[in-house]
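For reference, the structure discussed in these notes is given below.
Note that the structure is predicted; figures quoted are calculated from it, not measured. Here is the naming used below: chain letters follow the sequence lines, and residue numbers restart at 1 for every chain.
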There are 2 protein chains.
Amino acid sequence: MRDRQTERREATRLEILDAAWALARENGLSQITLRDVANQVGMRAPSLYSHFGSKNAIYDAMFAQAWSEAALEMRDVARRLPSSPRTALKKLARTFFDFEVSDLARHQLMNQRTIPGFEPSPAAYAPAVQVLDDLHEVMAGLGVRDAADIDLYTAIVSGLIDAQQANDPGGDRWSRLLDRAIDMFADNVGIPESVGRKT
Amino acid sequence: MRDRQTERREATRLEILDAAWALARENGLSQITLRDVANQVGMRAPSLYSHFGSKNAIYDAMFAQAWSEAALEMRDVARRLPSSPRTALKKLARTFFDFEVSDLARHQLMNQRTIPGFEPSPAAYAPAVQVLDDLHEVMAGLGVRDAADIDLYTAIVSGLIDAQQANDPGGDRWSRLLDRAIDMFADNVGIPESVGRKT
DNA sequence: GTCTATACACCGATAGAC
DNA sequence: GTCTATCGGTGTATAGAC
């Protein structure tokens, strides 16, 4: 039987998180204050402590949300990858790249330590590990099995993401280099070319 | 004639900055408080305002210091580069990589936006631009003249730096991949191999 | 010119009444 | 659960001592 009490509580939690996301996108991730969040959901600041143990606990839940979203999106793409390994590598990279670049606040929370005292809890970190585990599995299917190769792949992709966000937000100066970078990587690990010749 | 007044003032400024660096390395970049910094140099917090207009002005001066150091070190290396372009590329990348990885607090200040309200001033940003301008010049001498190529190069190197700092601080999991990544890049832009064959 | 004492507004967090 | 009241701590402005 449904537990209306629990449902209501969960709804309030989500309402608080939505308010926090909205404020993060508007004023910056670290500029969120408990008073602002509470005000946005019609509460006083101390009332938030009935739902989250601390401000960092709110960041923690947001962190888990963000990586869970990413896990869903990456799995969805992984299920319908193009047959060419090289094109598949590009599709994977492009999906993650666009996901990260489309939300600056979310990207900062997921990948940078921009909040002074915040360290994600093991529970919140789990979906991030999930994304990486999935990547290893998919990459193995594409012929990339060495862990060092995947370390290189992730460093390249996130290097381009960080450069794009930091130096040309809203533009495409590094976004344009992504396919070329993946070709470069594919050449290095010996993945055969898909169709035609590389430039 | 020497201006003892100005000399004393400059010495005090450097003393304050040294204290700030020490506290940043000890407790984290964003954890330094004006009261702690002041205490370390034998002052009260408000006295710092005789030397810096705000806390962010201290970060600003530290930012300029860090990138000036980097500019010096990179120029020093650039003056005595190995003759092989490929080896020279590796030497440049390795120098910057080691410089960044050797000081976490400095790396955060230079390359990440880990301080909430802080944005470097144009004056403090100048040495960072200098480093990039120098890189363009050196790279041109090595046969890399396309700006997009250099964008790719910097994204790869800083991607590896960030991964090393974030996921394996003190280790070498991504450090080991640097030479390989540069070879991969050199292959892509058509720089001939130095000696022997790539693996 | 430097430094101090004081004060202010804001923050995250806690205690206790209802 | 939510409130009011309040705490210790922060960056910072200002008045004034030396």
Between the first and last five pairs of the helix from C/dG1-D/dC18 to C/dC18-D/dG1, the angle of the axes, rounded to 10 degrees: 10°
Exceeds 12 heavy-atom contacts within 6.0 angstrom, atom CD of B/Glu7: yes
Parallel, tilted or perpendicular, as decided by the 30° and 60° cut-offs, for the rings of A/Trp67 and A/Phe63: tilted
Letter per nucleotide, 5' to 3', of nucleotides 5-12 of chain D [B base touched, S only sugar-phosphate touched, - untouched; heavy atoms, 4.0 Å]: B----BBB
In one Ile/Leu/Val/Met/Phe/Trp/Tyr side-chain cluster, 4.5 Å: A/Ile115, A/Leu104: no
Gap between atoms CG and P, on A/Asp60 and C/dG12 respectively (whole Å): 17 Å
Sugar-phosphate, base or nothing in reach of A/Arg8, heavy atoms under 4.0 Å: nothing
Length of the line joining A/Leu48:CG and C/dC11:P, which is rounded to integer Å: 13 Å
Whole angstrom value for the distance that separates P of C/dC10 from CD of A/Gln31: 14 Å
Same apolar cluster: A/Leu72 and A/Leu109, side chain cutoff 4.5 Å: no
Residues that B/His107 engages under side chain to side chain donor-acceptor pair (under 3.5 Å), provided they are two or more places apart: B/Asp162
Residue pairs fulfilling salt bridge (Lys or Arg N to Asp or Glu O under 4.0 Å) with at least one residue in residues 75-85 of chain B, sequence neighbours excluded: B/Arg75-B/Asp134, B/Asp76-B/Arg79, B/Asp76-B/Arg80
Interatomic distance where CE belongs to A/Met43 and C1' belongs to D/dG1 [whole Å]: 8 Å
Between C/dA7 (P) and B/Arg44 (CZ): distance, integer Å: 17 Å
Please tabulate, for the side chains in residues 20-28 of chain B, all donor-acceptor contacts under 3.5 angstrom to protein atoms that are two or more places apart in sequence or on a different chain.
| unit_1 | atom_1 | unit_2 | atom_2 | d |
| --- | --- | --- | --- | --- |
| B/Trp21 | NE1 | B/Gln65 | OE1 | 2.7 |
| B/Arg25 | NE | B/Asp103 | OD2 | 2.7 |
| B/Arg25 | NH2 | B/Asp103 | OD2 | 3.1 |

In residues 170-179 of chain A, what donor-acceptor pairs under 3.5 Å come from side-chain atoms, sequence neighbours left out?
| unit_1 | atom_1 | unit_2 | atom_2 | d |
| --- | --- | --- | --- | --- |
| A/Arg173 | NE | B/Asp151 | OD2 | 2.7 |
| A/Arg173 | NH2 | B/Asp151 | OD1 | 2.8 |
| A/Arg173 | NH2 | B/Asp151 | OD2 | 3.4 |
| A/Trp174 | NE1 | B/Asp151 | O | 3.2 |
| A/Ser175 | OG | A/Arg94 | NH1 | 2.9 |
| A/Arg176 | NE | A/Asp172 | O | 3.2 |

